[in-house]
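I have placed the structure first, in the form of structure tokens, so that the comments after it can refer back to it.
A note on names: the letters A, B, ... follow the listed sequences, proteins ahead of strands, and every chain is numbered from 1.
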Amino acid sequence: MTESSKPSSGAQGSGGPIGELPKQYKPADHEQRIRAQWDEAKAFHADPQRVLRGEAKPYCIVIPPPNVTDRLHLGHALNNTLQDVLARSHRMMGFETLWMAGTDHAGIATQAVVERRLKKEEGITRQQLGREKFVAKVQAFKDEYEKIITDQLKLMGCSCDWDRQRFTMDEVCARAVREAFFRLFKDGLIYRGKRLVNWDPVLQTAVADDECYDEEIDSSFYYLRYPLVHRDDPKEDAQPVTWNELARRGYPGAEKHRGEEQAWVTVATTRPETYLGDTAVAVNPKDPRANGLRGLFVELPLVGRIIPILEDDYVVLPASLENAIDFAPREHASDAPASAGAAPSAHHRPEPRGRSGAPHTGEGSEPEDPKAKYATGFLKVTPAHDPNDYELGLRHTAAIEACGNAVLINMLAPDGTVSDKHGWSDVGDAHLFVGLPREKARKKVIEEFAARTLAGSSTTLLAETRPYRHSVKHSDRSKAIIEPYLSDQWYVKVTDDRLAPAANRALVAEQRSKQQSSKQQIGADGDGELRFYPARYAKTYEQWHDGIRDWCISRQLWWGHRVPVWSMENAPPEAIQWLGLNRDSVCVRTIGTLTFACVNGLYNAAAVEKRLHTWGFGQDTDVLDTWFSSALWPISTMGWPNPQLASKGFEGLLQAFNPTTTLCTAREIITLWVSRMVMFERYLMPERWETEKTKPNALASLDENGQGRGPLPFKNVFIHAVIQDGEGRKMSKSLGNGLDPLDIIASHGSDAMRFTLCQMTTQTQDVRMPMVKDPATGRNTSPKFDLGRNFANKLWNAARFTMSMLGATSHPTSDIPHPTSLIDRWMLSRLATATSEVNEAITNFEYSNYAQTMYDLLWRDFCDWYLEAIKPTIASDVSQQAVLRTTLECILRLLHPIMPYVTEAVYEQVKLLSAAPIPGIALAPPRKGGLLCTAGWPQVAPSLRQPAVETDFERLRSLITVIREVRAQHGVVPKRRITLHVPVGTLDSSAAALVQTLAGVESISAETPGAGAVAATSDALKFQLSNLRDAASAADSGAERERLQKLIADHEKSIATLEGRLNNPGYAQKAPPAMVKQTQDQLAKAKAERDAAKAALAVL
RNA sequence: GGGCGGGUAGCUCAGUUGGCUAGAGCAUUCGCUUUACACGCGAAGGGUCCAGGGUUCGAGUCCCUGCCUGCCCA
């Protein structure tokens, strides 16, 4: 960004003349200059040696690394502001503070963006470019965005340790990935398996559930007739089953058909092309037809494959059996009028996906199931192309294999075309579908089924087509419909007790659900030490682990960490032998004739890989899921597994800062990232790390994996809100409702943005940010940030005033009388109260309270009352000068973590002022470069808190407020000095002075005023005001009457309330005595005020 | 389907173990170049705390039911 406006003379660093600061705080005049000072002083560079030498306690945050896919949005601004507040406050509190910075390579997201760019700008695909050149393109893209993101963070004022910035694919992180993979592989926790995955046929990769979204599409249910056969011996030819035969078997409704014709069952499907991969037909055992079909088979049309009829209570019973038996389509029209999906759309939630942990409940027909209306009671079973069928197929492996078929028959190529090259060989007459893409194949299947009939009859194979609207999984990145697809993938066995269950055991006991809290599960380091703020998110975390499945970590992408496994069919014996002898360098597994070798990245990897290559091994072409490297982030960024191999500056980092203190993130990340970091660190880091890490060379000597008993990556997890736009929608590029932090910084300043974001951060889970387009710049901004901008300006002007009062002369720095005046003691008491509130808020991650406390302290207490009150006395009162200076400096320090720039800019000036210290307030000087960001956190003695002083001041303040009300009501011009009539001794001289200053009172008199005076009360003190206007004009009795009547009505109302409470017999009996006393006092006061107002009304 | 939020002034939101006559900022109205600040100062108006039950001397707050709304997971 350009900082075009010339810095004003007064703001040019420490040399400028005091008191000549410009009237308004202009962020652009200061931010860049101050940032340069921070950089130059290396103010944010953490020194682990200070921790290891015992000079300071550690405080550490690792940044949730932003994806290099795009520039940062306002959600990132919030996330990073909150981290910076923690980092800066703890740094000032004396902790050696490390905020680790970095970015994430975001595999599929980045690859998809670059692929789109490539297509758009050069009109080519990545395949046309080739892997190496494509990866170079992505690398260049990453460099571009990493810089943008880093600049954004710096402009926001983030106090990261920029010298230690990492990237999830840099060599340090890559070493950690290799090592983690190797250890998990060696321990049998990484395995290769053929599984159904979410396949994106466009990007041709597996994608995770969270990389998919559901969208309703208009589709159809197709009803296919499968001819029934029987076959006693698999070697014999199958024979048709006739309706007569079925009737003899007691099949209900069989007699309605022509007895000599071949019988059939009708299956319903939305994806008819998958019938090529059918390996069974299933029926619910409760279905009355099941009995008659037992032992029979179905012959798949065209393919000719003979498949069994299975009984499984997963199968949905049809809504109406009568209709389903004969499957008479026309009768359904009345069942589902507007059958174009009207019924299902009322239940448009995604259908259950038959997860292994939660399969279909099997409780028979479910009337609410929208599918029941469409069901025939016969389910085509395609285990290789449907997750539910997959589970079903596994339950009936024997029956399926008895027919001579594999359970899993894959009929698609990776690009989504029908193919007989991927596990399907009994093509038969179905060759006419081979080579067609999914959609075309579907059409063709329907055409063929419609055109063909069952043997020896006129009944067509296609029974009916009905429109159906339903929810279908799509790929986030390509928008293609996801195909459940069978493929070879790498998995982490997170269901192992040492991974997910170990992560669950990390929760603090009080945040666990009951069945989890049994004591015997707890024991190791890291158990029971993980705490969520707000606590409710612990439940999300726990439930995620309870239902977890093994984690598919391979992605068929080019951008990412390449799977460090080499494999080959029928490896030569000398290779097998060599590999067996070098177990430190390589770990081998054999599946059938395939040999897999996982190479250890730390031991001479290049040489081993070369050797493998010579024997004919090839490296796996897949890359790892991005979260695999993210899961290592807290340790990889600090040089794990071997800081010595990382470049200089890593010594002692892990020992000093791991476990880190707090992770600060948004809630959707709990499952994706938080859990995986806990699992990996507890598995990979040594078990006794926390107790023995300070021993020399701890990492090497404790070289064993924690096996789920290791330390935590962090102790606290703070989950913050998600920012929505003014209408409660997610901010997104496509809606154009997003906000770029740099636009906010340009319009309002970084501090304004940060203050507003903090002020919005309550314990709720969503916050709204109304967005407006600035007509001048065309950029999005929000009036919400005015709050922060005004506040920064207020601080600036309070400082300006202070400078003008104290800057002109030098002041004694010692030997001054203790401040004794009411206003000074009040100010110090307010400061002490606010300081402890701020400390508490920071401890509990209560950002809104922190911001609000500072707002009230600076604006309400310091500016509105203190500064106004001291105007007449500050020039001559040296004690007061000390209070003024110290209070301002305390405010600067307390506010610095939220508003680093303006406080640093003001501090440049304020630190030049000399003044005596205030007893009870300790302000440690800056540690680096004279900068506020390295200065000590204010230590304010609790004894400065004086409730009695605050009460006295409150009384005075309400008197002043009543006088102001009377003035406003009577239209007294602001400049006019009036006279206050109170009995002798009511106000001491300092109180009297405050009233005169703050309420525009000229003189205070004990005499009774003449006509035209106005009577009023405050806290039961009766007083009169005179001299409201020139002698000639009378007081406005109408306005006064109105004011008094309203006052009386208000008091009457509260009297009624309070009397009602006291007259309630239960109240006196059961309420605490102090409460009753308080109510009595209130009642007395209200009555006195009412009476005073009545008396005033009477004289009017 | 499971889980977690939210519903308080025109708008955006506070309101900690139940206890002052429910608060703030913005917006609105009136007045003001009052020796820091109009991005300001002083004053004012504005609320059936979603609805209905219950517990209690006392409920915005705790319990139950319902309605509306958002998010996460499957």
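Open room surrounds CD on E840(A); 12 or fewer heavy atoms of other groups in view lie less than 6.0 Å from it.
Of the candidates C41(B), C39(B), C72(B), C72(B) carries the atom nearest the E668(A) side chain, counting heavy atoms from C-beta on. When distances run from any side-chain atom of N793(A) to the nucleotides A24(B), C32(B), C39(B), the shortest one goes to C39(B). Candidate nucleotides G40(B), G3(B), G19(B) were compared by shortest atom distance to the side chain of P1072(A), and G19(B) ranks first. Distances were taken from every side-chain heavy atom of P974(A) (C-beta onward) to each of C73(B), A36(B), U34(B); the shortest belongs to U34(B). Comparing A36(B), A44(B), C41(B) against the side chain of L867(A) picks out A36(B) as the nearest. Listed nucleotides: A36(B), C4(B), A24(B). Nearest to the side chain of R860(A): A24(B). Which of G42(B), G19(B), C37(B) sits closest to the side chain of K23(A) comes down to C37(B). For T961(A), whose side chain is taken as the heavy atoms from C-beta onward, the closest listed nucleotide among A24(B), G19(B), A43(B) is A43(B). Listed candidates were C39(B), U21(B), U34(B). Nearest to the side chain of K26(A) is C39(B).
Checking the phosphate oxygens (OP1, OP2) of G40(B), no side-chain nitrogen or oxygen of N797(A) falls inside 4.0 Å. In terms of phosphate contacts, K784(A) brings no side-chain nitrogen or oxygen within less than 4.0 Å of OP1 or OP2 of C11(B). In this model, the phosphate group of U34(B) is not approached by any side-chain N or O of R967(A) to a distance below 4.0 Å at OP1 or OP2. Between R1061(A) and U21(B) there is a side-chain N or O to OP1 or OP2 distance below 4.0 Å. Within the structure, every side-chain polar atom (N or O) of K539(A) is placed at least 4.0 Å from both OP1 and OP2 of G2(B). Considering only side-chain N and O atoms, T762(A) lies under 4.0 angstrom from the phosphate OP1 or OP2 of A14(B). In this structure, K794(A) reaches the C41(B) phosphate: one of its side-chain N or O atoms is under 4.0 Å from OP1 or OP2. When the side-chain nitrogen and oxygen atoms of W865(A) are compared with OP1 and OP2 of C41(B), none of them lie within a distance under 4.0 Å.
The pairing partner recorded for U17(B) is none, the criterion being a Watson-Crick or G-U wobble arrangement whose two distances lie under 3.5 angstrom. Both distances falling under 3.5 Å, in either a Watson-Crick or a G-U wobble arrangement, place G70(B) opposite C4(B). With a 3.5 Å ceiling on both atom-pair distances, A9(B) lacks any Watson-Crick or G-U wobble partner. Across all strands shown, G42(B) forms a Watson-Crick or G-U wobble pair, both distances under 3.5 Å, with C30(B).
Taking a cutoff of 4.0 Å between a charged side-chain nitrogen and a carboxylate oxygen, D856(A) and R860(A) do not qualify as a salt bridge. Contact check on E837(A) versus R830(A) returns no salt bridge, with no Lys/Arg side-chain nitrogen under 4.0 Å from an Asp/Glu carboxylate oxygen. Contact check on E542(A) versus K539(A) returns no salt bridge, with no Lys/Arg side-chain nitrogen under 4.0 Å from an Asp/Glu carboxylate oxygen. A salt bridge links K1077(A) with D1081(A); the closest basic N to acidic carboxylate O contact falls under 4.0 Å.
Annotation: the span from T762(A) atom OG1 to H720(A) atom NE2 amounts to 13.0 Å, rounded to 0.5 Å.
Within the 4.0 angstrom heavy-atom criterion, no nucleotide atom of any strand lies near P783(A). Within 4.0 Å of R667(A), counting heavy atoms only, lie sugar-phosphate atoms of the nucleic acid but no base atom. Here Q24(A) lies in heavy-atom contact (under 4.0 Å) with a base. L1058(A) comes within 4.0 angstrom of the backbone, heavy atoms only, and of no base. Across all strands, R977(A) comes closer than 4.0 Å to no nucleic acid atom at all (heavy-atom distances). Among the atoms of the strands shown, none is found under 4.0 Å from any heavy atom of D786(A). Here Y855(A) lies in heavy-atom contact (under 4.0 Å) with sugar-phosphate atoms only. Counting non-hydrogen atoms under 4.0 angstrom, E868(A) reaches a base of the nucleic acid. Within 4.0 Å (heavy atoms only), D864(A) reaches sugar-phosphate atoms of the nucleic acid but no base atom.
One N or O on the side chain of Y541(A) and one on the backbone of A503(A) form a donor-acceptor pair closer than 3.5 Å.
For the pair W859(A) CH2 and A38(B) P, the computed distance is 11 Å after rounding to whole Å. Put simply, OH on Y1067(A) is 13 Å from C1' on G18(B), counting in whole angstrom units. Taking atom CZ of residue F801(A) and atom P of nucleotide C41(B), one finds them 14 Å apart after rounding to whole Å. At whole-Å resolution of the value, CD in Q1078(A) and C1' in G58(B) are 13 Å apart. Taking atom CZ on R800(A) and atom P on U35(B), their separation rounds to 13 Å, with Å as the unit. The separation between M805(A) atom CE and C37(B) atom C1' is 13 Å, rounded to whole Å. For Q1082(A) and U21(B), the CD to C1' distance is 9 Å, given to the nearest whole Å. For the pair I669(A) CD1 and C4(B) C1', the interatomic distance rounds to 17 Å; values are reported in whole Å.
Separation of the P atoms belonging to G60(B) and U17(B) is 14 Å when rounded to the nearest angstrom. Here, A59(B) and G52(B) have their P atoms 15 Å apart, quoted to the whole Å. On the P atoms, C39(B) is 41 Å away from U61(B), given to the nearest whole Å. C13(B) sits 26 Å from G3(B) when the P atoms are compared, rounded to a whole Å. Across G6(B) and C50(B), the matching P atoms stand 12 Å from one another, rounded to whole Å. Nucleotides A14(B) and G31(B), compared at atom C1', are 30 Å apart to the nearest Å. Atom C1' of U28(B) sits at a distance of 41 Å from the matching atom of C64(B), rounded to the whole Å. Comparing U34(B) with A38(B), their P atoms are spaced 12 Å from each other, to the whole Å.
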**Request:** Check step by step if salt bridge (Lys or Arg N to Asp or Glu O under 4.0 Å) holds for E1002(A) and R976(A).
**Result:** CA-CA 9 Å; E1002(A) 170 89 71; R976(A) 188 171 187 94; over 6 Å; no
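Between the side chains of H545(A) and S675(A), at least one donor-acceptor pair of N or O atoms lies under 3.5 Å.
For Y533(A) and F845(A), the gap between ring centers is short of 6.0 Å.
Residue-to-nucleotide proximity on RNA chain B shows that, of V722(A) and F862(A), the 5′-proximal contact is made by F862(A). Between P1065(A) and D856(A), the residue whose closest nucleotide on RNA chain B is further toward the 5' end is D856(A).
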